[in-house]
Amino acid sequence: MKYADLHIHTNLSDSTFSPREVVEAAYKCNLSAIGITDHDSVNGIAPVTKIAKEYNIEVVPGIELSTELNGEEMHILGYYIDYKKEWFLEKLSFLREHRLIRAKTIIEKLNKIGVRITIEEVLNISGKGAVGRMHIAKVLMNKRYISNISDAFARFIGSNAPAYVKKYKITPSEGIDIIRKVNGISVLAHPQTIGKNFHIPTLVEYGLDGIEVYHSDHSAKGTKKYLEIAKQYDLLISGGSDCHGKGKDKILIGTTKIPYDLLENIRNKAKERRSNNSGFVS
Ligand code: AMP
Ligand code: FE
Ligand code: FE
Ligand code: ZN
């Protein structure tokens with residue numbers, strides 16, 4: 001049986017794993033295919049693809065975009081994207097610039113409540129990655145303000161905590177459109193973490209292609225529910241671990257995976273889209 005883990009981050013966003021570490025970990029858990037879905041960055045795709053060839057692992061080029069609808073944050077994954085398109089790269093750079101502005105604001109808020117960390121310390125951790133709260137959490141941990149990552153979100157940077165700052169966000173409709181314009185397949189990420197299902201029909205109207213039924217933060221009951229929803233709206237079924245290397249309390253790669261034929265369904269739809277879109281151009 002062949003398996004794919006279609007939700008994996010690298011240190012080009014907020015995982016601690018380099019492209020090589022991602023591939024080596026995927027090889028150890030016997031994955032046939034991996035989806036690279038960094039937040040607002042496609043810089044990990046080429047290096048992972050190159051290294052994965054040595055191991056005969058297939059790489060699905062992807063992205064994870066943060067969007068917001070009526071104050072609700074929802075993440076949209078894109079698969080089989082044409083990740084070298086100039087306008088797309090510019091859009092991602094713009095989103096990353098906003099991440100930096102937001103990180104600085106979070107640090108100002110932390111400083112005001114007596115938490116002494118600096119942007120330099122955070123950028124030291126994020127390196128070439130798209131800077132985010134995981135990097136700030138890591139600095140808080142290194143400086144012993146907290147003892148685990150969850151604590152950082154609960155006490156300082158989570159949505160109900162004193163140093164929370166919203167990220168600049170596009171709407172789900174924009175996210176779905178962007179992915180469609182780079183010939184990709186859009187998938188609603190970890191819907192159980194949003195918790196409200198009433199927006200799913202709206203996203204389907206916007207052109208959503210699939211739903212992440214299988215995810216590390218989904219319960220068995222939730223998974224069953226999202227499987228039903230996928231059938232009801234004729235959505236592609238996806239899944240993955242959302243591994244952030246050692247960034248989360250546990251290394252998740254391969255702990256949530258999908259049978260390879262589900263990936264084939266996604267790939268077929270992507271091929272169909274590509275040939276339809278190129279038909280319009282010529
Ligand atoms: P950002 O994109 O900067 O808003 O950061 C989002 C990252 O933080 C994602 O990788 C999430 O998985 C992670 N995250 C969000 N909330 C929590 C939480 N309560 N505990 C641990 N990680 C979290
Ligand atoms: Fe992340
Ligand atoms: Fe996410
Ligand atoms: Zn993710």
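Order of appearance sets the numbers: ligands from 1, and atoms from 1 within every ligand.
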Tell me the protein N, O or S atoms under 2.8 Å from the Fe ion (ligand 2), in chain and number order.
D14 OD1, D14 OD2, H39 NE2, H244 NE2

Is the backbone N or O of A4 less than 3.5 Å from a side-chain atom of S32, with the two atoms forming a donor-acceptor pair by type?
no

For atom 2 (O) of ligand 1, the protein heavy atom that lies nearest, with its residue and separation
K167 NZ, 2.6 Å

Backbone, side chain, both or neither: what part of D14 comes under 4.0 angstrom of ligand 1, heavy atoms only?
side chain

D242/K248 ion pair, N-O < 4.0 Å:
no

Surrounding NZ of K269 (heavy atoms of other residues, nucleotides or ligands, distance under 6.0 Å), is the total greater than 12?
yes

Have a look at D242 and say which of its N, O or S atoms is nearest the Zn ion (ligand 4).
OD1

Geometry only, no angles: is R99 polar-contacting ligand 1 at N/O separations under 3.5 Å?
yes

Examine S150 against ligand 1 and note whether any of their N/O atoms are separated by less than 3.5 Å.
no

Quick test: of every protein heavy atom, which one is nearest to atom 6 (C) of ligand 1, and how far off is it to 0.1 Å?
R133 NH2, 4.0 Å

Taking atom 20 (N) of ligand 1 as the reference point, the nearest protein heavy atom with its distance:
F153 CD1, 3.5 Å

Please state which option from H9, K166, R102 has its nearest heavy atom closest to atom 3 (O) of ligand 1.
R102

Within ligand 1, which atoms have a heavy atom of H244 less than 4.0 Å away?
10 (O)

Any side-chain donor-acceptor pair under 3.5 Å between T10 and D38?
yes

Tabulate below the donor-acceptor pairs under 3.5 Å that side-chain atoms of residues 87-98 make, not counting sequence neighbours, or state none.
residue : atom : partner : partner atom : Å
S93     : OG   : L89     : O            : 3.1
R96     : NH1  : D40     : O            : 2.9

Would you check if Y145 and R116 make a side-chain contact, meaning some heavy-atom pair closer than 4.5 Å?
yes

Quick one, R133 and Y164 - any side-chain contact, counting heavy atoms below 4.5 Å?
yes

Contacting atoms of ligand 1, where contact means under 4.0 angstrom from a heavy atom of M134:
7 (C), 8 (O), 10 (O), 13 (C)

Is there an N/O/S atom in H244 that lies less than 2.8 Å from the Zn ion (ligand 4)?
no

For the Zn ion (ligand 4), what is the closest N, O or S atom on E64?
OE1

Could you tell me whether E264 and K2 make a salt bridge, using a distance below 4.0 angstrom between a side-chain N and a carboxylate O?
no

Any idea how H39 and H244 line up, ring-wise: parallel (<30°), tilted (30 to 60°), or perpendicular (>60°)?
tilted

Decide whether H7 and E212 meet the rule of one side-chain donor and one side-chain acceptor closer than 3.5 Å.
yes

To the nearest 0.5 Å, what is the distance between CG (D5) and CD1 (I36)?
9.0 Å

Report the nearest protein non-hydrogen atom to atom 11 (C) of ligand 1: residue, atom name, distance rounded to 0.1 Å.
K248 NZ, 3.7 Å

Any luck finding a side-chain donor-acceptor pair between D177 and Y206 under 3.5 Å?
no

Numbered atoms and elements of ligand 1 in range of G132, under 4.0 angstrom, heavy atoms:
3 (O)

Is there an N/O/S atom in H75 that lies less than 2.8 Å from the Zn ion (ligand 4)?
no

Using distance alone, with no hydrogens and no angle criterion, decide if S219 and Q192 have a side-chain donor and acceptor under 3.5 Å apart.
yes

